[in-house]
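Heads up: the structure comes next, in structure tokens.
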Amino acid sequence: GNSVTQMEGPVTLSEEAFLTINCTYTATGYPSLFWYVQYPGEGLQLLLKATKADDKGSNKGFEATYRKETTSFHLEKGSVQVSDSAVYFCALGDTGNQFYFGTGTSLTVIP
Amino acid sequence: DSGVTQTPKHLITATGQRVTLRCSPRSGDLSVYWYQQSLDQGLQFLIQYYNGEERAKGNILERFSAQQFPDLHSELNLSSLELGDSALYFCASSAGQTDQETQYFGPGTRLLVL
């Protein structure tokens with residue numbers, strides 16, 4: 001069946017460090033892939049998405065590329081800020097409209 | 001602010017009871033999704049409605065039911081509550097019904113079953 005596996009946290013980085021959060025998926029067909037972010041006490045917000053292979057989603061300095069050959073959608077940011085501290089979720093939407101979320105990766109950025 | 005509202009924010013109840021969670025989607029959105037977020041299970045997709053009709057079903061227990069009304073608001077009913085139902089319940093909405101849609105999440109309802 002469909003599933004999403006994402007990197008275990010928590011992750012702690014210094015400000016301006018490079019961030020990678022790994023996400024791999026298992027799916028039949030051609031799913032859409034998403035990264036959502038959850039700030040403390042809030043609901044999830046879409047960070048970026050990609051709807052087909054080789055698409056690159058980007059927003060607020062974050063990027064992720066839909067890699068069909070490696071079934072991956074890794075999240076990257078070149079220089080993190082304290083305000084990026086949050087929980088990040090990788091998600092998959094399949095053609096049957098089922099949605100699958102990873103377990104979330106907690107990121108803390110220290111000044 | 002996503003534009004999705006959920007009430008109540010917090011709910012404390014006892015085992016065996018029944019509760020109703022309410023969600024109002026963003027203006028113009030036709031799809032509503034319900035999710036359960038717990039520490040041990042992560043974020044689980046429960047069910048989706050589109051324009052009043054059930055569109056997709058995830059890991060929703062038989063004790064749980066949902067509906068979407070003509071004004072597009074949705075309610076999630078949880079009955080015969082168990083301790084393990086304690087969780088954060090999120091509603092999300094989107095404009096359309098496909099898997100490519102961006103979902104906008106509400107702030108959640110925190111349910112505590114004692």
Side-chain angles (χ1 to χ4, degrees), chain A residues 1-10 21 23 25 27-53 55 57-60 62 64 66 73 86-106, chain B residues 1-7 9-10 21 23-26 29-51 53-60 68 87-110:
Chain A
N2 297 337
S3 67
V4 173
T5 302
Q6 79 180 88
M7 176 175 151
E8 294 275 340
I21 300 178
C23 172
Y25 68 90
T28 53
Y30 303 96
S32 297
L33 300 173
F34 306 82
W35 277 101
Y36 281 84
V37 58
Q38 185 178 28
Y39 297 102
E42 298 184 13
L44 280 72
Q45 303 173 25
L46 178 71
L47 183 58
L48 52 83
K49 70 177 183 181
T51 57
K52 62 182 188 296
D55 268 2
S58 60
N59 185 26
K60 299 181 183 178
F62 291 90
Y66 187 161
F73 193 55
V87 181
Y88 292 82
F89 292 89
C90 184
L92 174 158
D94 72 13
T95 50
N97 252 38
Q98 293 268 351
F99 293 89
Y100 303 84
F101 282 75
T103 51
T105 301
S106 174
Chain B
D1 184 357
S2 67
V4 178
T5 59
Q6 289 186 248
T7 56
K9 273 193 168 181
H10 302 278
L21 312 184
C23 168
S24 292
R26 288 189 327 153
D29 283 358
L30 298 179
S31 274
V32 168
Y33 310 78
W34 285 98
Y35 293 87
Q36 179 193 59
Q37 186 179 37
S38 60
L39 285 175
D40 56 343
Q41 298 271 4
L43 192 64
Q44 300 280 318
F45 167 65
L46 297 178
I47 197 164
Q48 179 203 1
Y49 279 82
Y50 174 76
N51 205 20
E53 300 287 328
E54 183 183 301
R55 178 70 178 84
K57 212 168 190 176
N59 297 323
I60 189 165
Q68 186 180 27
L88 197 51
Y89 290 84
F90 285 109
C91 164
S93 74
S94 69
Q97 60 175 321
T98 73
D99 59 291
Q100 299 182 4
E101 300 283 339
T102 297
Q103 296 182 33
Y104 296 86
F105 282 75
T109 293
R110 188 171 294 279

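Treat the numbers as computed from the prediction; the structure is a model and nothing was measured. So you know, we letter chains A, B, ... as the sequences are listed, proteins then strands, and number each from 1.
Rounding to the nearest 0.5 Å places CG of Leu92(A) at 12.0 Å from CZ of Phe45(B). To the nearest 0.5 angstrom, Glu42(A) atom CD is 10.0 Å from Phe90(B) atom CZ. Taking CZ from Phe99(A) and OH from Tyr35(B), the interatomic distance works out to 5.5 Å, rounded to the nearest 0.5 Å. Within the model, atoms CG of Leu46(A) and CD of Glu101(B) stand 11.5 Å from one another, a figure rounded to the nearest 0.5 Å. Put simply, CG on Leu48(A) and OG1 on Thr102(B) are 10.0 Å apart, with the number rounded to the nearest 0.5 Å.
For Lys57(B), there are no salt bridge (Lys or Arg N to Asp or Glu O under 4.0 Å) partners at least two apart in sequence or on another chain. Judged as a side chain to side chain donor-acceptor pair (under 3.5 Å), and not counting sequence neighbours, Ser3(A) has no contacts.
Contact annotation for Phe89(A): only side-chain heavy atoms (C-beta onward) come within less than 4.5 Å of a heavy atom of chain B. Looking at Gln44(B), there are no atoms closer than 4.5 Å to chain A (heavy atoms on both sides), in backbone or side chain. At a 4.5 Å heavy-atom cutoff, Ser2(B) makes no contact with chain A through either its backbone or its side chain. Only the side chain of Tyr33(B) comes within contact range of chain A, with heavy atoms under 4.5 Å apart.
Applying the 6.0 Å contact sphere to CD of Glu8(A) captures no more than 12 heavy atoms from other residues, nucleotides or ligands. Taking a 6.0 Å sphere around CZ of Arg26(B), one finds it holds more than 12 heavy atoms contributed by other residues, nucleotides or ligands. Surrounding OH of Tyr30(A) are at most 12 heavy atoms belonging to other residues, nucleotides or ligands under 6.0 Å away.
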Step by step, work out the side-chain contact (heavy atoms from CB on, under 4.5 Å) result for Leu43(B) and Thr103(A).
CA-CA 7 Å; Leu43(B) 192 64; Thr103(A) 51; over 6 Å; no

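Tyr36(A) places a side-chain N or O within donor-acceptor distance of the main-chain N or O of Gln103(B), the cut-off being under 3.5 Å.
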